[in-house]
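Computed from heavy atoms alone, side chains included, the values below leave out hydrogens, waters and symmetry copies. Each ligand, and each atom within it, is numbered from 1 in the order the structure gives. Start at 1 with the first residue, then count along the sequence.
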Amino acid sequence: MVQRIVSPDALREDRVPPGQHVVEGWPVLHSGVVPDMDPSRWRFRVTGLVEDELELGFEEFAALPRVEVLSDIHCVTGWSRLDNLWEGVSTGVLKDLVSIGRDARFVMVHGAGGFSANLSLGDFFQEDVLFAFKHDGRSLSPEHGGPVRLVVPRLYFWKSVKWVVGVEFMARERPGFWEQRGYHIHGDPWKEERYSRV
Ligand SMILES: Nc1nc2c(c(=O)[nH]1)N[C@H]1C(S)=C(S)[C@@H](COP(=O)(O)O)O[C@H]1N2
Ligand SMILES: [Mo]
């Protein structure tokens with residue numbers, strides 16, 4: 001039996017954060033082009049403040065224990081998509097695979113082609129955060145981040161890195177791709193943490 005987690009935000013009475021509107025489809029948004037993600041060459045790397053760095057091939061990563069998460073998507077550009085069922089590997093599984101350094105407080109999640117997003121360890125290890133292989137019962141399509149993307153249900157969707165290739169543990173916060181380009185360092189949709197003041 002795969003454990004099913006419902007993201008707490010999907011249990012709110014009013015599920016749509018301020019300034020958002022619900023869409024029925026699923027827009028595709030990213031910077032650059034969809035990378036070629038040949039699973040035979042794909043590697044998942046855990047680096048930074050860990051005792052021993054870890055590298056997994058696609059089959060090893062895909063064989064890790066799975067969870068299902070039901071969550072809502074909130075994109076900073078204004079659309080929200082409710083009731084998404086994800087299947088994948090909980091970020092918490094990493095705690096069993098590597099010994100995380102005492103000084104680690106943040107992660108940078110890396111996507112193919114140089115994309116990245118920063119998260120605090122607290123946000124990264126929430127129980128509804130996962131590396132998703134499937135959406136609504138189907139394998140993730142390449143344009144939505146397949147074979148594997150991060151999903152961080154409680155933050156704006158730019159934190160949900162598509163085409164994940166690694167996680168780097170860090171002592172200090174460093175801004176990721178969009179955070180360097182004016183997006184908020186944290187990104188809570190309920191507080192409308194959309195952009196940083198410059
Ligand atoms: N690798 C990568 N991941 C990314 C992005 C990107 O440019 N590159 N864009 C982010 C942004 S801004 C959004 S809104 C979502 C869009 O995901 P979707 O195309 O599946 O809707 O992906 C996020 N993850
Ligand atoms: Mo976005």
Side-chain angles (χ1 to χ4, degrees), residues 7 9-10 15-39 41-47 58 61 68-89 91 107-119 123-124 126 128-168 174-196:
S7 177
D9 282 348
R15 291 165 64 174
V16 186
Q20 296 293 114
H21 63 272
V22 174
V23 296
E24 293 305 323
W26 187 6
V28 171
L29 283 174
H30 49 260
S31 121
V33 295
V34 175
D36 177 18
M37 300 297 289
D38 178 354
R41 281 182 290 131
W42 183 87
R43 293 285 179 281
F44 178 79
R45 293 192 173 87
V46 184
T47 58
F58 185 75
F61 193 76
E68 284 183 344
V69 173
L70 185 79
S71 77
D72 299 336
I73 295 173
H74 306 299
C75 175
V76 72
T77 60
W79 57 270
S80 291
R81 187 183 194 281
L82 307 185
D83 288 320
N84 300 273
L85 183 63
W86 308 99
E87 185 191 308
V89 174
T91 51
V107 292
M108 190 72 84
V109 180
H110 294 280
F115 189 80
S116 58
N118 59 280
L119 294 162
D123 287 330
F124 179 69
Q126 289 291 344
D128 56 354
V129 178
L130 79 165
F131 299 102
F133 293 80
K134 289 187 178 182
H135 175 269
D136 289 350
R138 294 189 195 166
S139 293
L140 264 186
S141 64
E143 53 278 18
H144 285 301
V148 194
R149 79 177 298 160
L150 185 71
V151 177
V152 188
R154 286 183 251 190
L155 298 177
Y156 282 122
F157 207 36
W158 85 75
K159 297 285 186 182
S160 293
V161 175
K162 305 204 269 192
W163 315 297
V164 165
V165 292
V167 175
E168 178 188 350
R174 231 166 62 213
F177 181 91
W178 285 119
E179 294 83 0
Q180 287 171 37
R181 290 160 176 79
Y183 283 25
H184 196 280
I185 195 76
H186 183 226
D188 182 340
W190 300 93
K191 297 181 183 159
E192 287 203 75
E193 293 174 341
R194 294 174 188 273
Y195 307 105
S196 55

Which protein heavy atom lies closest to [atom], and at what distance to 0.1 Å?
atom: atom 10 (C) of ligand 1; result: W158 CA, 3.7 Å
atom: atom 14 (S) of ligand 1; result: C75 SG, 3.4 Å
atom: atom 16 (C) of ligand 1; result: L29 O, 3.3 Å
atom: atom 1 (N) of ligand 1; result: K162 O, 3.0 Å

Main chain of E179, side chain of W158: is a donor-acceptor contact present, judged purely on distance under 3.5 Å?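 Judged by distance alone, no pair lies under 3.5 Å.
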Could you verify whether a donor N or O on one side chain and an acceptor N or O on the other, from N84 and W26, lie under 3.5 Å apart?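 Absent: no donor and acceptor within the cut-off.
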Testing the 3.5 Å rule here: is there a donor-acceptor pair between the side chains of S80 and H74?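 H74 and S80 do have a side-chain donor-acceptor pair below 3.5 Å.
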Which one holds for [X] and ligand 1: side chain close, backbone close, both close, or neither close, with close meaning a heavy atom under 4.0 Å?
X: P27; result: backbone
X: F115; result: side chain
X: Y156; result: neither
X: W26; result: side chain
X: W79; result: side chain

Going by the atom numbers of ligand 1, which of them fall below 4.0 Å from some non-hydrogen atom of [X]?
X: S160; result: 22 (O), 23 (C), 24 (N)
X: R149; result: 15 (C), 17 (O), 18 (P), 20 (O), 22 (O)
X: S31; result: 6 (C), 7 (O)

Candidate list V161, V107, V129, test side chain to side chain contact (heavy atoms under 4.5 Å, CB included), partner L119, passing option: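 Among V161, V107, V129, the one that satisfies the side chain to side chain contact (heavy atoms under 4.5 Å, CB included) with L119 is V107.
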Looking only at distance, does [X] have an N or O less than 3.5 Å from an N or O of ligand 1?
X: H30; answer: no
X: G111; answer: no
X: W163; answer: no

Least distance between heavy atoms, F177 atom then S31 atom: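 Here F177 and S31 meet closest at CZ-OG, 3.4 Å.
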Which atom of A112 lies closest to which atom of P35, heavy atoms considered: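 Closest heavy-atom pair between A112 and P35: CB-CG, 3.9 Å.
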For the residue pair F133 and F61, categorise the inter-ring angle as parallel (less than 30°), tilted (30 to 60°) or perpendicular (more than 60°).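 Correct class here is tilted.
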What class does the angle between the rings of Y183 and W178 fall in, given that below 30° is parallel, 30 to 60° is tilted and above 60° is perpendicular?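 The arrangement is parallel - the two ring planes meet at less than 30°.
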Could you check M37 against F58 for side-chain contact (heavy atoms from CB on, under 4.5 Å), going step by step and ending with a plain yes or no? CA-CA 10 Å; M37 300 297 289; F58 185 75; over 6 Å; no
Only one of R154, Q20, R15 clears side chain to side chain donor-acceptor pair (under 3.5 Å) with D72; which?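 With D72 as partner, side chain to side chain donor-acceptor pair (under 3.5 Å) holds for just one option, R15.
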